[in-house]
Amino acid sequence: MSKRDGIVLLIFFGFLVLFFKDTWLTVYTYFARDVVYFVHPRFVFSAENIQAGHLPFWNPYSAGGVPWLGDPQASFFSPGSLLFFLFPFAIAFKLLSVFHFFVTGLGGYLLARLMKGSRMLSLLSSVLWCINGFWLGRLEFVGTMGTLMWLPFMLLFLVCFYYKSKKKGDIAPVAFVLGLIFSFAFMSGYLPFLLWFSFLMLLFSAVSIRRVFLFKWLVVSSLVAAGLCSLQLFPTLETILLSHRFQKGLSYSSSTLYSLEIFDLLGIISPWVGTVKESAFLGEKFPSYNCFFLGIGGFVLSLLSFVCLKRKWKWFVGGLFVVGAFLALGKNNPLYGFLYHHVPVFQWVRYPGQYALFMIVSCLLAFVFSVKVLSQKITFKWQMILFCFVFTELFVYGYKMYPTLPNSFFRQQPEWIDAVQVNREKGRFFLSPAASSLMKGQGRSVADAWVDLRHRLYNIVSLPFHIYQLNPVGTTFIPNYSARRLYALYQTPDFESALEGLGFFNVVWVAAPRQIEKESLLMKKDYPWFVYKIKNHSPPGYVNFSYGDAESVLPWERHQRNPDHQVWTGENSGQGVLHVSEIYYPGWRAFGNGHVLDVERDKGIFCSVKLPENCREIHFLYRPVWFFMGLFVSLMAVIFLCLMGGLTFFSLKHRV
């Protein structure tokens with residue numbers, strides 16, 4: 001890359017700063033659903049643990065307890081997560097947003113330059129790649145953007161495979177770098193996109209001339225990626241295989257939620273075409289599920305580029321577009337039901353509208369593959385005019401995507417949280433479905449919506465408040481054996497009939513939408529629901545003793561040192577069994593009186609341990625075996641790559 005290319009990229013960065021000027025020049029950030037009650041709590045939880053000096057292996061606050069590092073959407077090892085460990089959330093989110101778009105645009109620019117495109121058309125490529133509707137519509141999903149931004153680089157190195165010679169010395173570094181990019185994309189957290197990217201790359205290899213050559217080096221890159229990200233890959237595989245989503249799958253209605261209509265497919269031309277309503281985002285412009293515009297200029301340019309393609313690439317690009325449109329229709333496509341019932345992967349992924357990514361990528365690839373021809377046929381003057389038109393159009397579409405949420409919002413705590421946090425060690429909190437449905441953030445104004453969101457306590461929002469939650473909403477991978485009980489409890493239509501199950505799960509506080517006579521009212525203020533305290537509930541931990549035919553129960557106290565280290569203390573007059581209301585998962589270890597104790601599954605979902613005689617203190621530690629195995633593999637992979645890099649460097653130096 002020459003100095004002129006560097007100047008062009010500086011110009012591109014200036015365009016991005018201009019596009020996101022409201023986030024830099026004001027004390028506001030983007031007000032979007034997942035940013036507030038999904039992204040913010042997760043990164044705050046990770047940051048506070050890192051700043052306290054330990055890795056958060058376990059999340060005790062969601063769904064009764066779930067693995068943390070095993071959840072890919074935690075994005076804990078993503079390079080961008082470092083910003084949240086160093087800066088306040090609002091600032092880190094602004095920096096990361098621009099970083100995501102710049103990296104995507106950089107990949108688009110380098111890809112076009114590799115295909116012999118002019119600098120002006122390559123700059124146009126970077127703009128089309130990073131501020132199209134699909135990328136903008138996913139601004140609220142940090143993990144999704146983190147995975148999405150590496151797609152141009154994957155295609156870049158795949159094209160490098162295509163053009164490079166078959167000499168190992170030339171191609172090996174490219175394969176290793178592609179493996180590194182794969183690992184970054186995986187650790188960013190959104191696995192469906194990574195799966196689709198892999199499918200796209202395999203399809204590209206099948207269409208190309210050097211099929212065997214490309215497949216061989218793709219395997220090498222995959223092995224490199226698997227080795228580097230094993231510390232995330234191994235626990236993720238364990239979590240997914242034990243999860244309710246993998247073992248039972250999503251329902252058809254849930255997996256086809258946000259399917260596109262036929263008319264919505266025209267939204268690739270403009271956000272003003274289709275069923276997108278500007279009011280749907282409360283200050284943000286584009287609902288993510290059906291936002292994938294390229295603009296009139298970008299779409300017409302892709303059509304002209306399609307004409308310039310060779311025949312086999314026309315089939316490749318055209319087929320990719322058709323597949324994307326076919327799948328994006330979801331339930332509005334009669335054949336989608338067949339895929340759901342016969343191809344398991346369609347039972348695990350939600351929101352078919354996301355398949356429109358294939359439509360966008362096919363148009364962008366048509367432009368990139370023909371950029372050399374276009375650079376020769378279009379003069380520099382018309383290239384500049386074309387760039388100005390496309391950029392201006394996309395800038396106008398995204399202009400109303402302005403930030404509306406004060407940065408201080410992320411440092412505020414709802415008033416009623418203090419009441420729920422009283423004696424929070426004693427039991428869990430449960431948000432009833434009817435109360436949950438009342439809190440949709442649908443205020444008459446943006447300010448009203450902020451107030452509504454402060455009253456939310458969805459499952460994931462309990463993380464920064466350190467409140468033990470039982471609500472299954474918001475947690476991606478819940479163990480199947482606990483998820484069955486949780487979803488059955490959550491879907492119980494009669495609240496009174498759910499009280500027994502709530503007590504079984506050690507729920508003390510319950511939010512309900514109406515007054516319940518048989519329960520004592522704890523508090524009632526300006527909230528759209530009531531908060532109750534259940535009188536009869538099981539203790540969070542107790543020791544059970546047997547004296548002949550009689551049984552005795554002694555409650556034990558929980559003291560949490562960090563999310564994955566709990567200390568239980570209490571009386572012990574013999575060799576009893578300690579039952580705790582923590583969800584069982586492979587990796588729990590117990591220690592007492594200097595001995596390692598076996599942790600068993602209690603009542604099908606909880607943890608229990610047999611106490612040694614006169615033992616009055618038990619330490620529960622969650623130490624996932626698969627994580628440490630993956631960490632070892634990742635370290636070996638790093639050492640191997642460093643050795644290979646050193647040998648390559650000295651070999652080249654010796655040749656010179």
Take E48 and H466 through the side-chain hydrogen bond (donor to acceptor under 3.5 Å, both in side chains) test and state the conclusion after the steps. CA-CA 11 Å; E48 68 182 8; H466 298 170; 2.7 Å; yes
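- Ring orientation note: the planes of Y585 and Y622 are nearly perpendicular, at an angle over 60° on the 30°/60° scale.
- Of the listed residues (S254, S253, S255), just one forms a side chain to side chain donor-acceptor pair (under 3.5 Å) with S251, and that residue is S253.
- A 4.5 Å side-chain heavy-atom check between F627 and L231 finds at least one atom pair inside the cut-off.
- In terms of heavy atoms, E582 sits closest to R558 at OE1-NH1, 4.0 Å.
- In this structure, R601 is positioned above the aromatic face of Y481, its NZ or CZ under 6.0 Å from the six-membered ring centre and within 45° of the axis.
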message = If you apply the rule side chain to side chain contact (heavy atoms under 4.5 Å, CB included), what do you find for F246 with F477, and how did you get there?
response = CA-CA 9 Å; F246 177 81; F477 298 109; over 6 Å; no
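- Each of F45, W68, F85, F57 was checked for a ring-ring contact (aromatic ring centres under 6.0 Å, His included) with F76, and the lone residue meeting it is F85.
- The ring of F84 has its center closer than 6.0 angstrom to the ring center of F89.
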Just do the side chain to side chain contact (heavy atoms under 4.5 Å, CB included) check on F182 and M187 with the steps written out, would you? CA-CA 9 Å; F182 255 113; M187 290 188 290; over 6 Å; no
Verdict with reasoning, Q566 to H619, per side chain to side chain contact (heavy atoms under 4.5 Å, CB included): CA-CA 6 Å; Q566 299 180 2; H619 289 251; over 6 Å; no
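- A donor-acceptor contact closer than 3.5 angstrom links the side chains of Y468 and Q560.
- Note on ring orientation: taking the six-membered ring where Trp is involved, the planes of H579 and Y542 are parallel (angle under 30°, cut-offs 30° and 60°).
- Nearest heavy atom pair, residue E140 against residue V39, reads O-CG2, 3.4 Å.
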